[in-house]
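Atoms within a ligand are numbered from 1 in the order they appear, just like the ligands themselves.
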Amino acid sequence: MTTLASVSLPSHVARPTYDRTALKTKIVHLGFGAFHRAHQALYSHELAASKKSDWGICEVNLFTGKAPIEQLKQQELLYSVIEKSTEGATATVIGVVTEAMHPALDTPQAIIEKMAEAQVAIVSLTVTEKGYCCDPASGQLDQNNNLIQHDLLNPSEPKSAVGYIVQALALRRNRGLAGFSVLSCDNVQGNGQVAKAAVLGFAQQLSNSLRESPLVDSELADWIEKNVTFPSTMVDRIVPAMTEESFEEVQQHLTVSDPCAVLCEPFRQWVIEDNFVQGRPDWDQVGATFTQDVEPFEEMKLRLLNGSHSFLAYLGYLGGYQYISDTMHDQHYQQAVLQMMLVEQAPTLSLPDGVDVEAYAEQLIRRFSNTELKHKTGQIAMDGSQKLPQRFLNSLRHNMKNGLPYPCLVMGIAGWMHYVSGKDQSGNAIEIKDPMADIFANIFSSTFSNTCSEHLTNHDSVRALLSLEAIFGNDLALDETLFNQLTDAYQLIDTQGVRAAVATLPQ
Ligand code: NAI
Ligand code: CS2
């Protein structure tokens with residue numbers, strides 16, 4: 001079979017120039033998804049290419065994503081990243097992957113053993129927001145989560161990322177090895193603290209429930225706290241999910257198919273809390289920033305970039321826009337999202353030193369307008385229950401408390417509320433991909449069947465959704481002004497259509 005590894009590639013495709021056999025698996029990464037391939041792995045590749053690093057990565061997928069792991073193995077652990085803008089494209093073959101594993105191919109025990117190898121210094125994650133099994137509003141471990149319940153009963157055959165990490169750490173402790181750093185690269189506010197809360201919460205629960213286990217005792221959580229660090233990060237690069245058309249484009253660039261390839265924008269940013277227990281690659285030599293305080297960067301990015309993305313995703317999808325770049329052609333959407341950034345989100349932030357927020361917002365509008373990236377509104381709309389708190393709700397609370405305006409935030413939330421009803425404005429079904437999808441479906445089936453007037457239905461739907469504490473905490477549902485504003489926005493979308501509703505926002 002001809003693969004990326006065996007074919008002679010066109011000269012414009014950059015191939016690894018370093019000795020791949022000199023790399024050591026010092027990072028185990030959970031979540032070989034689109035983003036990691038174009039971000040952490042690419043930074044690590046560039047560092048290896050500069051001959052200053054022997055940090056290799058073992059790529060692991062835990063649930064979905066067995067196919068890319070198999071495909072990676074079939075092409076000598078090589079894959080390609082294509083950066084695209086209206087100015088052109090560049091293609092790079094990434095050589096920094098040293099191993100690839102999946103529980104269905106390699107067994108959970110083999111993955112845990114890999115994480116427990118002495119030279120492994122970092123276990124990094126891009127497992128999506130829901131992968132931390134935490135309550136999105138509080139950031140604490142959700143003990144009712146199905147995966148957590150499974151892993152508490154079967155710690156040596158875990159399913160969750162948290163279960164794997166705790167089991168590997170228990171093994172390292174038992175063998176007298178050092179801990180490792182857990183590096184979350186997901187779009188979660190305080191991602192390091194959330195990863196820590198999940199890991200320590202799980203270890204605590206495990207020691208409460210399994211006193212007889214040789215690996216787990218009442219000291220495990222304490223040991224983890226002393227021997228493991230959880231640096232926070234701000235991660236940024238738009239990497240849309242691949243489609244048939246994007247795979248065809250890859251084939252054209254490379255002259256061979258690459259099922260593990262990703263297409264992304266040229267922009268990238270990575271700010272990392274410099275707090276590692278067993279060393280780390282010098283990613284700053286290839287453009288990352290190490291700092292002691294990531295929070296201002298994280299908040300800025302989550303509220304300005306991701307908040308805008310979610311606004312455009314819900315209201316754009318319902319407005320018939322398939323891609324984010326399509327929403328940028330609608331001046332009402334573009335102006336409203338810019339207003340939301342500058343007037344409703346930026347004033348809630350403690351900006352990092354030297355950041356010009358207007359320039360940052362304008363740069364985001366340009367990035368969203370990149371027509372070369374086919375970033376689907378429906379993709380970003382996924383998992384809204386896990387995204388709303390850090391993207392909209394913390395700013396909403398700030399503005400409510402300080403008497404500041406928030407009509408765009410309200411419209412964004414009302415858009416989400418319509419979206420999770422599971423029907424678009426023409427009555428077509430929307431497939432809701434969200435850990436709380438069943439709860440939304442229940443809300444809409446009961447409100448629709450128990451009421452007879454359209455007005456009451458909207459009112460009840462907003463009330464029921466706003467009462468979901470896992471998303472909205474226990475404060476927002478008590479605010480009648482907010483409830484009325486949300487109901488009005490929801491009603492406006494219903495009666496006037498979503499594009500007209502967006503056109504009423506400050507421009
Ligand atoms: P993807 O769908 O390509 O990959 C998702 C990865 O997460 C897969 O490896 C999958 O196996 C794993 N996963 C899903 N649910 C899991 C669970 N419950 N436990 C363990 N692993 C699980 O998505 P993509 O684009 O790689 O994004 C992943 C995350 O990366 C996002 O949710 C976000 O937090 C972060 N991110 C994504 C960016 C993007 O533009 N795609 C940019 C910045 C951050
Ligand atoms: C997006 C992000 O899917 C989403 O929810 O908002 O993945 C976004 O593309 C990245 O955070 C950009 O860095």
Side-chain angles (χ1 to χ4, degrees), residues 29-42 59-69 72 100-104 111 123-134 136 142 145-148 150-151 158-165 184-189 191 194-195 198 233-243 246 260-265 267-271 297-298 300-314 316 323-324 364 367-368 370 373-388 390-392 416 433-435:
H29 181 77
L30 307 182
F32 181 64
F35 174 60
H36 167 81
R37 296 178 214 181
H39 197 259
Q40 181 185 339
L42 181 101
E59 301 291 357
V60 179
N61 271 338
L62 293 177
F63 296 91
T64 52
K66 180 174 152 221
I69 296 294
L72 200 52
M101 303 177 90
H102 189 281
I111 296 171
V123 171
S124 51
L125 302 105
T126 46
V127 290
T128 78
E129 293 83 344
K130 62 187 172 299
Y132 296 82
C133 306
C134 282
D142 173 7
N145 180 289
N146 288 340
L147 296 178
I148 294 301
H150 169 275
D151 292 357
K159 289 193 169 166
S160 72
V162 177
Y164 272 92
I165 290 172
S184 167
C185 295
D186 277 294
N187 283 326
V188 174
Q189 168 110 39
N191 50 14
V194 171
T233 61
M234 180 269 243
V235 287
D236 192 5
R237 174 167 247 189
I238 297 174
V239 191
M242 293 293 283
T243 61
S246 34
C260 300
V262 284
L263 297 179
C264 63
E265 64 172 342
F267 181 91
R268 68 185 202 208
Q269 192 177 7
W270 196 10
V271 185
F297 293 94
E298 262 193 315
M300 175 179 76
K301 191 260 173 172
L302 288 170
R303 294 184 192 179
L304 297 181
L305 189 159
N306 298 109
S308 302
H309 251 176
S310 290
F311 176 96
L312 297 169
Y314 298 116
Y323 301 116
I324 290 292
L364 287 178
R367 291 171 64 195
F368 296 158
N370 183 350
L373 284 189
K374 302 294 177 212
H375 203 187
K376 288 188 175 157
T377 48
Q379 184 195 343
I380 299 167
M382 227 170 62
D383 288 345
S385 67
Q386 314 292 304
K387 296 175 175 174
L388 254 49
Q390 63 273 30
R391 296 180 181 208
F392 288 153
W416 168 78
K433 296 182 186 157
D434 192 297

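The shortest N/O to N/O separation between D186 and ligand 1 falls below 3.5 Å. Checking only distances, F35 does come within under 3.5 Å of ligand 1, N or O to N or O. At under 3.5 Å, a nitrogen or oxygen of K387, whether backbone or side chain, sits near a nitrogen or oxygen of ligand 2. Between N61 and ligand 1, an N or O atom pair is found at a separation short of 3.5 Å. Between H36 and ligand 1, a contact under 3.5 Å exists for no N or O pair. Of the polar atoms of C185, none of the N or O atoms is found under 3.5 Å from an N or O of ligand 1, judged by distance alone. Between E129 and ligand 1, a contact under 3.5 Å exists for at least one N or O pair. Taking distance alone, with nitrogen or oxygen atoms compared against 3.5 Å, R367 stays at or beyond that limit from ligand 2. Checking only distances, N187 does come within under 3.5 Å of ligand 1, N or O to N or O. Taking distance alone, with nitrogen or oxygen atoms compared against 3.5 Å, L147 stays at or beyond that limit from ligand 1. For a threshold of 3.5 Å applied to N or O pairs, the pair formed by Q379 and ligand 1 contains no separation below that value.
Remark: the backbone N or O of G384 is paired with a side-chain donor or acceptor of D434 at under 3.5 angstrom. In terms of modelled atom types and a separation under 3.5 Å, the side chain of D142 and the main chain of C133 share no donor-acceptor contact. Looking at K387, its side chain does come within 3.5 Å of a backbone N or O of M382 through a donor-acceptor pair. Side-chain atoms of Q40 do not come within 3.5 Å of backbone N or O of W270 as any donor-acceptor pair. Under the 3.5 Å distance criterion, the side-chain polar atoms of H36 are left unmatched by any main-chain donor or acceptor of S124. Side-chain atoms of D151 come within 3.5 Å of backbone N or O of S160 as a donor-acceptor pair. Checked by atom type and distance alone, the side chain of R391 never pairs as donor or acceptor with a backbone atom of S308 at under 3.5 Å.
Every atom of ligand 1 is numbered from 1 in the order shown, and the set under 4.0 Å from a heavy atom of I238 is 40 (O). Less than 4.0 angstrom separates some heavy atom of V235 from each of these atoms of ligand 1: 44 (C). Within the listing of ligand 1, atoms 3 (O), 4 (O), 9 (O), 26 (O) sit less than 4.0 angstrom from a heavy atom of G33. Counting atoms of ligand 1 from 1 in the listed order, those under 4.0 Å from a heavy atom of R237 are 38 (C), 39 (C), 40 (O), 42 (C).
Scanning all protein heavy atoms for the shortest distance to atom 7 (O) of ligand 2 gives N187 ND2, 3.7 Å. Protein heavy atom at the shortest distance from atom 2 (C) of ligand 2 is N306 ND2, 3.5 Å. The shortest contact between atom 11 (O) of ligand 1 and any protein heavy atom is with T64 OG1, 3.2 Å. In terms of protein heavy-atom proximity, atom 17 (C) of ligand 1 is nearest to F63 CE1, 3.4 Å. Nearest protein neighbour of atom 1 (C) of ligand 2, counting heavy atoms only, is H309 ND1, 3.4 Å. Considering only non-hydrogen protein atoms, atom 22 (C) of ligand 1 sits nearest to V127 O, 3.5 Å. Summary of contacts: the protein heavy atom closest to atom 3 (O) of ligand 1 is A34 N, 2.9 Å. The protein atom (non-hydrogen) at minimum distance from atom 28 (C) of ligand 1 is T128 CG2, 4.0 Å.
Using a 4.5 Å heavy-atom cutoff, the side chains of R237 and C264 are in contact. With a 4.5 Å cut-off on side-chain heavy atoms, F392 and W416 do not count as touching. At least one side-chain heavy atom of V235 sits less than 4.5 Å from a side-chain heavy atom of F35.
Contact analysis puts R391 in contact with ligand 2, with a non-hydrogen atom separation below 4.0 angstrom. The closest approach between any non-hydrogen atom of H375 and ligand 2 is below 4.0 Å. Within the 4.0 Å heavy-atom shell around ligand 2 one does not find Q379. In this structure, G65 does not count as a contact residue of ligand 1, since none of its heavy atoms falls inside 4.0 Å of the ligand.
Within the 4.0 Å cut-off (strictly below), a protein heavy atom is located near atom 36 (N) of ligand 1.
The existence of a salt bridge linking D236 and R367 is confirmed by a sub-4.0 Å separation between a basic side-chain nitrogen and an acidic carboxylate oxygen.
In this structure, H309 has its ring center closer than 6.0 angstrom to the ring center of F368.
Heavy atoms from both the backbone and the side chain of D236 come within less than 4.0 Å of ligand 2. Residue contacts with ligand 1, taken as heavy atom pairs separated by less than 4.0 Å, do not involve H39 at all. Residue K301 touches ligand 2 through its side chain alone, judged by heavy-atom distances below 4.0 Å.
At most 12 non-hydrogen atoms from other residues, nucleotides or ligands lie less than 6.0 angstrom from NZ of K376.
The side chain to side chain donor-acceptor pair (under 3.5 Å) test with N187 singles out one residue from K301, E129, Q390, and that residue is K301.
In the model, H375 has no side-chain atom that pairs as donor or acceptor with a side-chain atom of E265 under 3.5 Å. Side-chain N/O atoms of H29 and T126 include a donor and acceptor closer than 3.5 Å. Side-chain contact, T128 with D186: no donor N or O sits under 3.5 Å from an acceptor N or O.
Not counting sequence neighbours, Y132 has no partner by the ring-ring contact (aromatic ring centres under 6.0 Å, His included) test.
Among V239, L125, T126, the residue whose heavy atom sits closest to atom 6 (C) of ligand 1 is T126.
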